[in-house]
There are 2 protein chains.
Amino acid sequence: MGKRHISLKDLAQELGVSISTVSRALKNHPDISPEMTKKIKALAEERNYTPNPLAMGLLRQQTKMIGVIVPDINTHFYSSIISGIEKVAKEHGYFIVITSSNESLEKEIESVENLIKSRVEGFIVCLSQETNSYTHFEKLIKNEIPLVFFDRVSEELDVPAVLADGQDATKKIIQHFYNNGCKRIAYISGPEHLNISENRKIGYLNGLNECGLPYDKKLLVHCNLSIEDAKQATRKLLRLKNKPDAIFGMNDTIAFAAMIEVKKQGYKIPDDISLAGFTDEFHSIVVDPPLTSVSHPTFKMGEEAANLFFESIEKGTANNKKIMLPIDLVVRESSVKKN
Amino acid sequence: MGKRHISLKDLAQELGVSISTVSRALKNHPDISPEMTKKIKALAEERNYTPNPLAMGLLRQQTKMIGVIVPDINTHFYSSIISGIEKVAKEHGYFIVITSSNESLEKEIESVENLIKSRVEGFIVCLSQETNSYTHFEKLIKNEIPLVFFDRVSEELDVPAVLADGQDATKKIIQHFYNNGCKRIAYISGPEHLNISENRKIGYLNGLNECGLPYDKKLLVHCNLSIEDAKQATRKLLRLKNKPDAIFGMNDTIAFAAMIEVKKQGYKIPDDISLAGFTDEFHSIVVDPPLTSVSHPTFKMGEEAANLFFESIEKGTANNKKIMLPIDLVVRESSVKKN
DNA sequence: TTTTTCTCCGCAAAGCTTTGCGAAAACCTT
DNA sequence: AAGGTTTTCGCAAAGCTTTGCGGAGAAAAA
């Protein structure tokens, strides 16, 4: 059950003074005499008094909670971002309530409603894969509830957001492939309505263009973000009469699925087919061959998202600032052909 | 800023009735006439009223929050367990506040204190690697604050806990190695004071014994759970004049670190050295060769931990039940020698 | 008509904290 | 000694909900 926490009332009774006196003493109010203050503080210390956050919340109308909605909590990508959010939240005396939409619009809407009921003071969210309707977020904006997006954003909503420069990173990868002798570079993308898919597509096309490579639309395939669908997409590429000599996968799951499938069909990486993905260091190193990838600044992304959140909570409805994080290319064996 | 939420008072004023009437109507109290009830409910619906959890919490002396402390939030292992906890917490109308100890005792203690200040109703925790002192938990027990452990537990504390049968799983792995012709099986363990390290050590010794293999203490090495230290431990094994022909790594990080190091030194897996680890499916499949491992029932573990928590919150101080989850061996290429 | 019995609703307290304002006591000033 | 200041503290309200108890009015019984 847990014994009741000690309250100001308890202290006041024990000392035979009023609650207000105790409250003031604890915050060094000049109205209270030094001796009284000292006595009260000593008892508070001894009894291990800490103010009741519910009472404070009720009074100040704030819960010090941030609702965080991610598509999936079980990946390093999101858990690392969450760590970043949590760090700066803690610095501000806030804590975060995490929910997962499981890439489902329905669960995302449900999460927003539940968190509102819990009286979170605002939201930090990464859109689900399915999300193509935004009324649940528009409602938040109308009610001036702070909202910031990260990674996946909506073009339709003007909301503070932190993004990674996937367009530039993708271009770098294409150029890197080209410099290593690749001519037919494939791109396995995610759902088309996702901003990150489209950004990287632009980077892909720009990269091809700058390298003087033609755009073959057969080399651009889409998949939802499951490992099975990604393998399917890879097989589609490998069935082409005119096969790709390089594949770029839009995220962790896709890159690894592609790697598995390519190896399974007997192609050598990187000599037959070069490979690159969007992922973090640990996974890239563990696979064989080590995967060339871009280093997504996940922790930093979480920090920046939280910073944006506190800006908007402090300055009221903020200028819907967008932050673009640079992404670096990290070349490993999977894309450096030996012959 | 966020507009103020609607309260019973608002509804009462608008309807010209008392707050108590509104409150009762909303919960179908027989004292309120049907027409009045209907009118009130209609307005509540229209104004989108939801009860204020802070006020409720203050009244009932409960926050509906569970403090969860994990050594590390950035791994699939823990995030999957957290998902399990979160699922059953949500079913009970609770939400969870997650903090990471970063494998540090100091941060673990700090987390306990902060969560207590936040008035969580209890704790679900996995001990940090460093934890060898338990006063911060004894304090909880003394105050009858619900506490349940998972995976890593303390022998000194009698607390409800959910464990995985690492002893049995390790024995199975040793037997599997033996059946595949391995004679010198090494075990890279974690810190000695961790119950999971010791359990698996027992399984290791039992396994050797049952297979009629001698125990060579040089084949049992320890490391802390960092990737660098695990590589170091692997190198130590590979430097032996009488090298191992199989290596079992106690967790994800260790197994992968060993794999990297073994390959780096030019040994073939599994033909020169077989490998097996404790990890989850996704990672095991992605590496090359696919890693033989035991399937840690992470999600289930989280669910069971939360169940234990609610048992102890409902029945007061519960019978400190322990739940042992079975672990299955999943054989993949890394341990099946071809010659 | 008077008394009894329901029906339907409001008062107030409790849970905890902060803070404006009022008040008692002590001190100082002429 | 009398009026003025200062020091030191308490009352009460607000923030929101639940719930025991009491009360007003109406309907039913006598």
Side-chain angles (χ1 to χ4, degrees), chain A residues 1-44 47-65 93 116-121, chain B residues 1-41 43-45 47-65 93 116-121:
Chain A
M1 295 277 82
K3 298 228 173 54
R4 227 186 76 256
H5 282 268
I6 200 94
S7 72
L8 289 183
K9 192 183 190 179
D10 299 322
L11 299 178
Q13 259 166 8
E14 191 160 343
L15 255 35
V17 297
S18 79
I19 295 177
S20 15
T21 301
V22 178
S23 172
R24 289 190 170 99
L26 257 23
K27 31 181 58 65
N28 294 316
H29 194 288
D31 266 13
I32 310 298
S33 69
E35 312 87 63
M36 180 61 90
T37 298
K38 200 172 152 196
K39 200 165 62 173
I40 290 177
K41 281 193 168 181
L43 186 68
R47 293 278 179 277
N48 230 302
Y49 168 79
T50 57
N52 184 320
L54 287 101
M56 290 292 295
L58 201 52
L59 194 67
R60 306 245 184 268
Q61 293 283 54
Q62 52 180 16
T63 53
K64 300 274 183 186
M65 298 196 305
I116 280 291
K117 278 186 197 160
S118 298
R119 303 293 199 268
V120 297
E121 291 181 33
Chain B
M1 298 274 80
K3 296 229 174 53
R4 228 186 76 256
H5 280 268
I6 200 95
S7 73
L8 288 184
K9 192 184 190 179
D10 299 323
L11 299 178
Q13 260 167 7
E14 190 160 345
L15 256 35
V17 296
S18 80
I19 295 177
S20 14
T21 301
V22 178
S23 172
R24 289 192 170 97
L26 257 23
K27 31 180 59 65
N28 295 314
H29 194 289
D31 264 13
I32 309 298
S33 69
E35 313 88 61
M36 180 61 88
T37 299
K38 200 172 152 197
K39 200 166 61 173
I40 291 176
K41 281 194 168 179
L43 186 68
E45 175 80 14
R47 292 277 180 279
N48 231 303
Y49 169 79
T50 57
N52 185 321
L54 288 106
M56 291 292 295
L58 201 53
L59 194 67
R60 306 246 184 267
Q61 294 284 52
Q62 53 180 13
T63 52
K64 300 274 182 186
M65 298 195 307
I116 281 290
K117 278 187 199 160
S118 299
R119 303 294 198 268
V120 297
E121 291 182 34

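Below, read A as the first sequence line, B as the second, and so on, with proteins coming before strands; counting in each chain starts at 1.
- Looking at which nucleotide of DNA chain D each of B:Ile19 and B:Leu58 is closest to, the 5′-most match is held by B:Leu58.
- Rounding to the nearest 0.5 Å gives a distance of 7.0 Å between CG of B:Leu26 and CG of B:Leu11.
- When each of B:Arg119 and B:Leu59 is assigned the nucleotide of DNA chain C with its nearest heavy atom, B:Leu59 is the one assigned upstream, toward the 5' end.
- One end of the helix from C:dT1-D:dA30 to C:dT30-D:dA1 points its axis 70° away from the other end's axis, with each axis taken from 5 pairs and the angle rounded to 10°.
- Rounded to the nearest 0.5 Å, atoms CD1 (A:Ile40) and CG (A:Leu8) are 9.5 Å apart.
- Bracketed by its first and final contacts, the part of DNA chain D lying under 4.0 Å from non-hydrogen atoms of chain A reaches from D:dT8 to D:dC16 in 5' to 3' order.
- Listed in residue order, the members of residues 21-31 of chain A having a heavy atom less than 4.0 Å from DNA chain C are A:Ser23, A:Arg24, A:Lys27.
- Atom-to-atom distance recorded for B:Leu43:CG and B:Ile6:CD1 is 7.5 Å, nearest 0.5 angstrom.
- Rounding to the nearest 0.5 Å places CD1 of B:Ile19 at 9.0 Å from CG of B:Asp10.
- Atom NZ of A:Lys39 is separated from atom CD1 of A:Ile32 by 11.5 Å, given to the nearest 0.5 angstrom.
- In this structure, the CG atom of B:Leu8 is 15 Å from the C1' atom of C:dC9, given to the nearest Å.
- Residue pairs meeting the salt bridge (Lys or Arg N to Asp or Glu O under 4.0 Å) criterion with at least one member in residues 23-36 of chain A, sequence neighbours excluded, do not occur.
- Each side chain to side chain donor-acceptor pair (under 3.5 Å) pair with one or both residues in residues 47-62 of chain A, not counting sequence neighbours, appears once here: A:Glu14-A:Arg47, A:Thr50-B:Arg119.
- Counting any heavy atom pair closer than 4.0 Å across all strands shown, A:Ser20 reaches a base atom.
- In terms of position on DNA chain C, the residue among A:Lys9 and B:Ile32 whose nearest nucleotide sits closer to the 5' end is B:Ile32.
- Between B:Ile116 and A:His5 there is a side-chain heavy-atom pair separated by less than 4.5 Å.
- Using modelled atom types, no side-chain atom of B:Ser118 and backbone atom of B:Val120 make a donor-acceptor pair closer than 3.5 Å.
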Given protein heavy atoms under 4.0 Å, the one-letter contact record of nucleotides 23-28 of chain C, with B base, S sugar-phosphate only and - none, is simply ------

### Message
Could you go through B:Thr37 and B:His29, starting from their C-alpha distance and side-chain angles, then the distance that decides it, and tell me whether this counts as side-chain contact (heavy atoms from CB on, under 4.5 Å)?
### Response
CA-CA 9 Å; B:Thr37 299; B:His29 194 289; over 6 Å; no

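- Summarising the geometry of A:Asn28 relative to A:Lys41, their closest heavy-atom pair is OD1-NZ, 2.8 Å, with the distance given to 0.1 Å.
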